[in-house]
Amino acid sequence: MTDADSHDKTIGKINVTQIKRRIPPLQRQLLELGPLHPGSISEQYNVCGNPGCRCKDPKKPHKHGPYYQLSYTWQGKSSTRFLRPEQVEEMRQKVANYKRLRELMNEWVGLAVERERAERAEEKHHRGD
Ligand SMILES: [Zn+2]
């Protein structure tokens, strides 16, 4: 066996082992995620119906707001609703947790695909010897 052959084989074995090691921490992080919600929060500034209001000042309009809006799409249906100011911080955390969930899921699925590939490569290597 040449150096190159043994090198390849070692890397293949380390890969599958490393992949297996990286999955449990992801699963733990998924379990530890707190309350979550899909979507994003935006700030809105509005103009009212009062003729003399500061929001209509021709030189320096001072619009009302910010009003916080949560927008999300779930199961093909889009929704938007206003949040009360005291709800905003909690919803920001939920939206961040959902984003984290998606990242962790992507990592897990990515590792699963990579593991399958690495295992097949190793099998092939053993059969092909
Ligand atoms: Zn106004």
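Order of appearance sets the numbers: ligands from 1, and atoms from 1 within every ligand. Residue numbers count from 1 along this sequence.
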For residues S78 and T73, is any side-chain donor paired with an opposing acceptor at under 3.5 Å?
yes

Is there a donor-acceptor pair under 3.5 Å between the side chain of D57 and the backbone N or O of K59?
yes

Which other residues end up in the same hydrophobic cluster as Y67, if Ile, Leu, Val, Met, Phe, Trp and Tyr are linked when side-chain heavy atoms come under 4.5 Å apart?
F82

Once salt bridge (Lys or Arg N to Asp or Glu O under 4.0 Å) is applied, do any residues pair with E32, and if so which ones, sequence neighbours excluded?
none

Under 2.8 Å from the Zn ion (ligand 1), which protein N/O/S atoms are there?
C48 SG, C53 SG, C55 SG, H64 NE2

Is it the case that atom CD in Q27 sees more than 12 heavy atoms from other parts of the structure closer than 6.0 Å?
yes

Non-neighbouring partners of Y45 that pass ring pair (Phe, Tyr, Trp, His ring centres under 6.0 Å), sequence neighbours left out:
none

